[in-house]
Number of protein chains: 2
Amino acid sequence: MARTRAHNPRPFKREKHDHRRCVTTALDRAAKVCAAKGARLTAIRRQVLELVWQSHRPAGAYDILAALGRKRDYVAPPTVYRALEFLRAQGLVHRIESLNAFVGCERPGEPHCGQFLICRACGRAAEMADGRIEAAVRRGLAEAGFALERPTVEALGLCPDCQPPAEAGNA
Amino acid sequence: MARTRAHNPRPFKREKHDHRRCVTTALDRAAKVCAAKGARLTAIRRQVLELVWQSHRPAGAYDILAALGRKRDYVAPPTVYRALEFLRAQGLVHRIESLNAFVGCERPGEPHCGQFLICRACGRAAEMADGRIEAAVRRGLAEAGFALERPTVEALGLCPDCQPPAEAGNA
DNA sequence: GGCCGGGTGTTATCTTATAACATAACGTTC
DNA sequence: GAACGTTATGTTATAAGATAACACCCGGCC
C-alpha cells in the first residue's frame with residue numbers, strides 16, 4: 001500500500017495552464033505503461049488517448065469518434081469503443097459512469113480507486129486520489145463481506161472556479 | 001447530522017427473505033414521504049416504484065417499461081422516465097450509473113450519499129449507509145474546494161453469497 | 001507458402017434517453 | 001359549475017450510446 005501522498009490538494013487545474021504539457025505527459029506515460037506491459041499502443045489507440053486528453057472535460061465516445069474522423073478517414077463506433085476499452089484496461093483512461101464519458105487517468109500505473117469531482121457548471125472533471133476515502137470504502141465493503149474489485153466515487157457539484165463569490169465561511 | 005447508526009453490517013439480504021415485506025414497506029414509506037412533501041404519488045408512479053422493488057436487482061428503464069405494459073395499456077418511454085425522475089427527486093429510488101438502472105432506496109427520507117455494492121455474479125445491488133465513507137468523501141471534497149451536491153459510490157464485485165467458498169482469511 | 005493471432009474495417013442493430021408537442025386530470029376561485 | 005392555471009400523462013419521433021457478427025489485413029513464425 002505504498003501511498004506517495006495522502007491526496008492531491010488541488011485536483012482542479014487552473015483555468016489557464018499549459019495544457020499541451022498535460023497531453024504530452026499523458027502520452028509519454030502511456031507509452032511507458034504499454035511498453036512495460038507489452039501492450040501495443042497503436043496509432044488509433046494513441047490518437048484516441050490524445051483526444052480524451054484534449055481537455056479536462058470528459059469526452060463522450062461519439063465526440064471522440066467525430067474528432068477522430070477529422071484526423072483520419074472515417075472510423076466506425078466499434079473502433080473507438082475498442083480503443084477506449086484497451087486504454088481503460090491499461091489504466092490510461094477512466095470512464096465517468098454518470099456522464100457516459102471518458103477522462104484521462106492522472107496516475108496511470110498506480111492502481112487506485114477512481115474518485116471524480118464533476119463540475120456541473122463548466123463540465124470539467126477532476127480526479128482525486130484521497131487515500132482516506134479509498135481506505136474508508138475498502139473497509140466498509142470488507143466489513144459487509146463484499147469482495148471488492150472496482151470501486152468508484154463520483155461527485156457532482158461545483159468546482160472552485162464556478163462557485164458563487166463565497167458568501168460567508170462556507171468553503 | 002443525526003445518524004441513527006454507523007452503518008448497516010449486512011447490506012445484502014439473505015437469498016430467501018420475505019420480499020413482499022420489502023415491497024410493502026417501500027410503498028408505505030413512499031406514501032408517507034410523498035404525503036409529507038405534498039408530492040403526488042400517482043398510480044403510474046406507484047406502479048413504477050413497485051416494479052423497481054420487484055427484486056433487489058437494479059431494473060433498467062425498459063425492463064420497467066415492459067413490465068408496466070403487462071399491467072396496463074402500453075406506455076411509452078417518457079412515461080417511465082418521468083416516473084423514475086419523480087421517484088428519484090423524492091429520494092425513493094437511486095440510479096446505478098454504472099448499470100443504467102434503478103433500485104429502490106432503503107432509507108427514503110434520510111438524506112444520504114448513495115453507496116452501492118453491485119454483485120457481478122448475481123446482479124443484485126445493495127445499498128450501504130456507512131457514515132465513515134460519507135464523512136471521508138465530504139471531507140475530501142471540501143478540502144478540494146468543491147461544493148458537493150450529489151456524491152455516489154459504486155463498487156462492483158462479488159457479494160458474500162457469490163464468493164468462492166473462502167480459501168483462507170481473505171475476508 | 002501456410003498458419004495464427006491481434007487489430008481494424010464494416011454493417012447492422014440494439015439499448016438507453018429525451019425533445020417537442022398534444023391532451024387530460026386536478027384543484028381553486030369565483 | 002365554468003374558467004383557469006398547474007401538474008401529469010399520452011404520443012411521435014429521434015437522439016445518443018453501445019455492441020454483435022463477420023470480413024479482412026498484416027506481421028510473425030514455422
Side-chain angles (χ1 to χ4, degrees), chain A residues 30-31 34-35 37-52 57-69 71-90 92-103 118 120 123 125 154 156, chain B residues 30-31 34-35 37-52 57-69 71-90 92-103 118 123 154 156:
Chain A
C34 288
K37 294 190 187 185
R40 290 172 52 192
L41 186 59
T42 63
I44 284 188
R45 290 167 175 174
R46 220 182 109 91
Q47 286 178 317
V48 168
L49 181 60
E50 199 174 347
L51 289 168
V52 167
R57 287 177 235 290
Y62 278 71
D63 299 337
I64 293 167
L65 183 65
L68 197 55
K71 289 195 165 196
R72 50 160 63 221
D73 282 350
Y74 170 80
V75 297
T79 301
V80 171
Y81 280 100
R82 285 190 283 231
L84 288 169
E85 193 195 339
F86 168 86
L87 294 170
R88 193 184 188 188
Q90 308 305 319
L92 297 170
V93 304
H94 291 287
R95 180 184 164 83
I96 309 287
E97 300 290 353
S98 56
L99 299 178
N100 296 331
F102 299 82
V103 285
I118 303 151
R120 64 170 167 74
E154 296 184 13
L156 190 71
Chain B
C34 288
K37 294 192 188 184
R40 292 171 52 192
L41 187 60
T42 63
I44 285 188
R45 290 166 175 176
R46 220 183 107 89
Q47 286 177 316
V48 168
L49 181 59
E50 198 174 347
L51 288 168
V52 167
R57 285 176 236 290
Y62 279 71
D63 298 337
I64 293 166
L65 183 65
L68 197 56
K71 288 195 164 195
R72 49 161 63 220
D73 282 349
Y74 169 80
V75 296
T79 301
V80 170
Y81 279 100
R82 284 191 283 232
L84 288 169
E85 193 194 340
F86 167 87
L87 295 170
R88 193 184 187 187
Q90 307 306 318
L92 297 170
V93 304
H94 291 287
R95 179 184 164 82
I96 308 287
E97 301 289 353
S98 56
L99 298 177
N100 296 331
F102 299 82
V103 285
I118 304 151
E154 296 183 13
L156 190 71

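Throughout, protein chains are lettered first and strands after them, A, B, ... in sequence-line order, and every chain is numbered starting at 1.
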So does A:Thr42 get a side-chain nitrogen or oxygen closer than 4.0 Å to the phosphate oxygens (OP1/OP2) of C:dT8?
yes

Rounded to the nearest angstrom, tell me the gap between atom CG in B:Leu65 and atom P in D:dT11.
13 Å

Nearest-Å distance, CG (A:Leu87) to P (C:dG7)?
12 Å

On the nucleotide C:dC26, are OP1 or OP2 found under 4.0 Å from the side-chain N or O atoms that B:Arg40 carries?
no

Just how far, in rounded Å, is C1' of D:dA18 from CG of A:Asp63?
14 Å

Please give, in whole Å, the distance from D:dA16 C1' to A:Ile96 CD1?
18 Å

Rounded to the nearest Å, what distance is computed from the OH atom of residue B:Tyr81 to the P atom of nucleotide C:dA20?
18 Å

Ionic contact status for B:Glu97 with B:Arg88, cut-off 4.0 Å
yes

I want to verify a distance call: between D:dG17, C:dA17, C:dT8, whose nearest atom is closest to the B:Arg95 side chain?
C:dA17

Length of the line joining A:Phe86:CZ and C:dT8:C1', which is rounded to integer Å:
14 Å

Whole-Å distance, B:Glu85 CD to C:dA19 P, equals 10 Å

Between CG of A:Leu84 and C1' of C:dT8 the distance, given in whole Å, is 15 Å

Within less than 4.0 Å of OP1 or OP2 of D:dT9, is there a side-chain N or O belonging to B:Thr79?
no

Polar pair under 3.5 Å, donor/acceptor by atom type, side chain B:Arg82, base D:dG10:
yes

Just compare C:dG9, C:dT11, D:dG10 and give me whichever is closest to any side-chain atom of B:Ile44.
D:dG10

Nearest-nucleotide wise, let me know which of A:Ala83 and A:Pro77 is further upstream toward the 5' end of DNA chain C.
A:Ala83

For A:Pro78 and for A:Ala43, find the nucleotide of DNA chain C with the closest heavy atom, then tell me which residue's nucleotide is more 5'.
A:Ala43

Which atom of A:Ala83 lies closest to which atom of A:Val48, heavy atoms considered:
CB-CG2, 3.8 Å

Choose from C:dT10, D:dA8, C:dG7 the nucleotide whose nearest atom is closest to any side-chain atom of A:Arg45.
C:dG7

Verify, without hydrogens or angle tests, whether A:Glu154 (side chain) and A:Ser98 (backbone) share a donor-acceptor contact under 3.5 angstrom.
yes

For a quick test of reading the model, state the closest non-hydrogen atom pair linking B:Leu99 to B:Pro58 and the distance between them.
CD1-CG, 3.7 Å

Quick one: CD1 on A:Ile64 to CG on A:Leu84, what's the gap to the nearest 0.5 Å?
4.5 Å

Closest to the 5' end of DNA chain D, once B:Val75 and B:Asn100 are matched to their nearest nucleotides, is B:Val75

Kindly indicate whether the side chain of B:Tyr62 and the base of C:dA17 share any N or O donor-acceptor pair separated by less than 3.5 Å?
yes

